[in-house]
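Notes to accompany the following structure.
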Amino acid sequence: MSSAINDLLDKIFVNTLKSTVFIDRDVLRPEYIPDELPHREEQIAKLGSILAPSLKGSKPSNVFIYGLTGTGKTAVTKYVLKRLHSKSLELGVDIVTCYVNTRQDDTTYRVIVKLAECVGLRLPFTGISTAEAYRRFLKVLDSRSSIMIAVLDEIDFLIKRSGDEILYRLTRSSDELTNSKIAIIGITNDLKLVEDLDPRVRSSLGEVELVFPPYNAVQLEDILTRRAKIAFKPGAIDKSVISLCAALAAREHGDARRALDLLRVAGEIAEREGSEKVLIEHVYKALREIEVDRASEVISTMPLHSKLVLLAILNLTKTSNGKTTTGEVYTHYKSLCSKIGIESVTQRRVSDILSELDMTGIITARVISRGRYGKTRVISLAVPEDVVVKALSEDPYVSQLLSGNR
DNA sequence: CGTCCACAGGAATGACGGGCGG
DNA sequence: CCGCCCGTCATTCCTGTGGACG
């Protein structure tokens with residue numbers, strides 16, 4: 001082991017311990033819930049007044065919360081619930097709050113497992129039927145005589161994958177419960193979602209609706225400034241750098257999470273470079289780094305066929321001005337499969353894979369009609385080529401195909 | 001103004017591995 | 001250990017459709 005490497009490692013460790021710019025970088029992480037949520041006072045007050053009846057033992061209305069990503073929906077909800085919970089302890093009321101992110105737990109079964117955990121019931125990951133799991137959960141909840149407030153975050157994922165049956169059952173759960181009650185807070189960033197909801201669910205879930213508008217650049221800057229004050233050392237970051245982060249994020253529909261990420265990663269880059277200040281150039285580097293990280297993370301965990309489809313897209317978009325279609329992709333994908341001697345999947349499946357790639361944001365696919373020449377998707381890469389190549393080359397099967405056209 | 005392309009995308013079904021209850 | 005049920009990937013069969021072409 002060369003001492004140069006050891007020196008380098010040593011330097012990295014020391015730098016991390018004795019940060020050049022940060023006091024507390026965790027303040028900039030998305031999971032951090034600040035003590036104050038500026039520009040969301042109205043929503044906090046409204047959500048608070050909706051949930052307040054639970055302190056008197058009655059079931060609060062179900063709530064539907066809309067707002068684009070990074071508009072503070074989750075933060076506000078968690079914040080209000082936290083306060084509500086401590087108030088309930090003070091008053092001696094049994095309120096169970098449960099937060100489920102249905103992007104991670106996007107099946108009926110897993111949601112029930114999560115809800116059950118909140119009332120202290122451990123259910124097996126698998127092995128029992130959904131109906132049985134639900135029954136057990138209700139039994140335990142009812143025996144506690146409490147009010148449960150269930151937050152279903154990013155509820156569109158749940159509905160897309162598993163339908164709205166669970167919502168229906170939860171909203172009607174009072175029929176099956178005698179001592180306890182369940183109130184639901186549904187959070188979504190998909191405004192069209194409600195349309196394809198069972199009307200019965202729609203009316204009961206949407207008893208109250210709460211809208212979170214995006215932050216504008218000024219508000220974002222304010223938020224960033226407040227956080228930066230706690231996160232960074234005095235003088236480590238200039239107003240102009242914060243303004244830039246705010247402006248870049250405001251361009252992306254006022255996403256506070258992105259803005260904070262940008263600030264944090266810019267700080268980390270500054271630190272790596274041994275700089276004592278976060279500079280404009282660090283922000284631009286951060287912008288790129290975030291994109292690369294996200295893409296390679298997504299790509300490296302994809303199944304083989306998805307990678308092959310992506311490779312097909314990569315090759316095709318290189319020639320024909322960055323665009324291709326489903327048919328072309330499928331033909332090319334099949335030839336790639338035969339080259340490495342594996343069986344190809346059907347076109348139907350590739351169609352789904354394309355949708356998946358589109359959803360993750362790796363590609364952009366728009367369905368268009370070419371009239372007499374049919375209806376298809378126009379596909380283009382949504383991330384830089386070299387990022388895709390780099391991520392794909394990590395796969396042993398795919399990398400054989402990659403060498404040669406690199 | 002109807003036809004018909006080239007797919008989109010829904011529904012039903014199955015194979016398979018993981019993991020639990022009994 | 002078996003049987004059951006889960007989630008995931010995949011297939012088969014299918015109906016739906018925007019708009020250029022004739």
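Letters go in sequence order (proteins before strands), and every chain restarts at 1.
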Worksheet item: Between the two end axes of the helix from B:dC1-C:dG22 to B:dG22-C:dC1, each built from 5 base pairs, what angle do you get to the nearest 10°?
Response: 20°

Return the value, rounded to whole Å, for the distance between atom [atom1] of [X] and atom [atom2] of [N].
{"X": "A:Arg136", "N": "B:dC20", "atom1": "CZ", "atom2": "P", "answer": "13 Å"}
{"X": "A:Glu356", "N": "C:dA10", "atom1": "CD", "atom2": "C1'", "answer": "11 Å"}
{"X": "A:Arg366", "N": "C:dG18", "atom1": "CZ", "atom2": "P", "answer": "15 Å"}

Discussion item. Near DNA chain C, counting only heavy atoms under 4.0 Å, which residues of residues 332-340 of chain A show up?
Written reply: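 Contacting residues: none.
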
Identify all side-chain donor-acceptor contacts of residues 288-295 of chain A below 3.5 Å with residues at least two apart in sequence or on another chain.
{"residue": "A:Arg288", "atom": "NH2", "partner": "A:Asp386", "partner atom": "OD2", "Å": "3.2"}
{"residue": "A:Glu289", "atom": "OE1", "partner": "A:Arg272", "partner atom": "NH1", "Å": "3.4"}
{"residue": "A:Glu289", "atom": "OE1", "partner": "A:Arg272", "partner atom": "NH2", "Å": "3.4"}
{"residue": "A:Glu289", "atom": "OE2", "partner": "A:Arg272", "partner atom": "NH2", "Å": "3.1"}
{"residue": "A:Arg294", "atom": "NH1", "partner": "A:Thr360", "partner atom": "O", "Å": "3.4"}
{"residue": "A:Arg294", "atom": "NH2", "partner": "A:Thr360", "partner atom": "O", "Å": "2.9"}

Discussion item. Closer than 3.5 angstrom, by distance alone: can the side chain of A:Ser306 be matched with the main-chain N or O of A:Met302 as a donor-acceptor pair?
Written reply: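 Between the backbone of A:Met302 and the side chain of A:Ser306 there is no qualifying donor-acceptor contact (under 3.5 Å).
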
Worksheet entry | Sugar-phosphate, base or nothing in reach of A:Ser344, heavy atoms under 4.0 Å |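 Counting heavy atoms under 4.0 Å across all strands, the contact made by A:Ser344 is with sugar-phosphate only.
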
Worksheet item: Between A:Arg29 and A:Asp26, is there a salt bridge with N-O shorter than 4.0 Å?
Response: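 Salt bridge between A:Asp26 and A:Arg29, a charged N being under 4.0 Å from a carboxylate O: yes.
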
Item to complete: Using a strict 4.0 Å threshold on nitrogen-to-oxygen distance, state whether A:Asp222 and A:Arg226 make a salt bridge.
Response: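 The answer is yes: the pair qualifies as a salt bridge.
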
Worksheet entry | Protein-to-nucleotide contact annotation, 5' to 3' order, nucleotides 6-17 of chain B [B base; S sugar-phosphate only; - none; under 4.0 Å, heavy atom] | BSSBB-------

Fill in: Closest to the A:Tyr109 side chain, choosing from C:dC9, C:dG19, C:dC6
C:dC6

Fill in: Residue pairs, two or more places apart or on separate chains, that pass disulfide (SG to SG under 2.5 Å) and touch residues 308-384 of chain A
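Listed by first then second residue: nothing to list.
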
Going by atom type alone, with no hydrogens or angles, which donor-acceptor pairs under 3.5 Å involve a side-chain atom of residues 50-60 of chain A and a protein atom two or more places apart or on another chain?
{"residue": "A:Ser54", "atom": "OG", "partner": "A:Leu51", "partner atom": "O", "Å": "2.6"}
{"residue": "A:Ser58", "atom": "OG", "partner": "A:Pro53", "partner atom": "O", "Å": "3.2"}
{"residue": "A:Lys59", "atom": "NZ", "partner": "A:Asn62", "partner atom": "OD1", "Å": "3.3"}

